[in-house]
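Atoms within a ligand are numbered from 1 in the order they appear, just like the ligands themselves.
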Amino acid sequence: MTWWFRAAALLTLLALALAIHQRRLAVVEKRNRELMDLHRQREKAQSALSLAYGRLRRLTRRLELAKEEERKRIARELHDDMGPSLTAVIINLQLLPQQPDSSDAARRITDTIELVDRLVQRIRDLSLDLRPPLLDELGLLPALKGYLEAQSERTGLKIEVRGQVEGLPGETEIAAFRLIQEAVTNTIRHANATRVDISVRQRNGQLVLIVTDDGQGFDVRDTMERASSGKALGLLGMQERVSVLDGEVEIDSAPGQPTEVRIRMPVEIPE
Ligand SMILES: Nc1ncnc2c1ncn2[C@@H]1O[C@H](COP(=O)(O)OP(=O)(O)O)[C@@H](O)[C@H]1O
Ligand SMILES: [Mg+2]
């Protein structure tokens, strides 16, 4: 074997070793890139998760605050409003036997009846606020009609409810009731409207609620931005309630325009 043959064989071997090495290097680099990519994806997912956790924590805190506010309101109503009225009823009844003439007694009885009447009304309103009784007994539409008739009488707003539903699960019924209650309360409080139209229908396995008023409207985007910093809990609560049930809320409004709230929720027929 000549020296050049040996040198050529050595060179070929070296070249082969180099090629194998480079190939392995390329494979390792590729794996490295894939790992880095996975690492980046993981970091992204982690930061999205921690943002979601933060949002959830803030929401839970706000919902707890809202619940506490509601309890405070009920406690105040019982203590400041119903308590004194009941005391007045007791005093009237205690004084009744001591009334010298019957016209004084009659006035006191009329006064007491008025007090009791007002108390009955307050208790009815409060229990309606806490849980609409007709909902369990008669279903969504009669419960809504009962509630909205009372609101219409109280505020002078013309409220019309149309639609038909059947076989709704209890969870969807109470959600629909609360959502319409919030939308109508908003119209009463903020819209300066003369009428509200409510439609409740089932279409293609979905419950569709539409609340339209002829009021002054509002800037939806601006309000929702304030909502995420904790200002407008009502609309945020509506969105949360609907998203838990895999539905969606759309609000069409602008200053000087009427407002339309559309809600869609899938309806699962209970087994
Ligand atoms: N139907 C409506 N018409 C006019 N403005 C509305 C209506 N609904 C909501 N808004 C506006 O959106 C804001 C946020 O509503 P919401 O989240 O329910 O909070 P709140 O009712 O406690 O103010 C209201 O303060 C009001 O300015
Ligand atoms: Mg509200």
Please say whether [X] places an N or O atom under 3.5 Å from an N or O atom belonging to ligand 1.
X    : value
G234 : yes
A183 : no
T223 : no
Q216 : no

How far is [atom] from its nearest protein heavy atom, and which residue and atom is that?
atom                    : value
atom 17 (O) of ligand 1 : L235 N, 2.8 Å
atom 14 (C) of ligand 1 : A232 CB, 3.4 Å
atom 1 (N) of ligand 1  : D213 OD2, 3.0 Å
atom 25 (O) of ligand 1 : H190 CE1, 3.5 Å
atom 5 (N) of ligand 1  : F218 CD2, 3.2 Å

**Message:** Taking a cutoff of less than 4.0 Å between a non-hydrogen atom of the residue and any ligand atom, is G215 in contact with ligand 1?
**Reply:** no
**Request:** Determine whether any heavy atom of M238 lies closer than 4.0 Å to an atom of ligand 1.
**Result:** no
**Message:** In this structure, would I188 and V261 fall into the same cluster of hydrophobic residues linked by side-chain contacts under 4.5 Å?
**Reply:** yes
Side chains of [X] and [Y]: do they bring a donor and an acceptor to under 3.5 Å?
X    : Y    : result
D214 : T194 : yes
D125 : Q121 : yes
R178 : Q181 : yes

**Message:** Between T185 and the Mg ion (ligand 2), is there a contact where an N/O/S atom of the residue lies under 2.8 Å from the metal?
**Reply:** no
**Item:** E260 side chain vs I251 backbone, donor-acceptor pair below 3.5 Å
**Value:**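 Between the backbone of I251 and the side chain of E260 there is no qualifying donor-acceptor contact (under 3.5 Å).
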**Asked** For ligand 1, which part of T185 has a heavy atom less than 4.0 Å away: the side chain, the backbone, both, or neither?
**Response** neither
**Request:** Give the atom name of whichever N/O/S atom in E182 sits closest to the Mg ion (ligand 2).
**Result:** OE2
**Item:** Residues R73 and E70 bridged, charged N to O under 4.0 Å
**Value:** yes
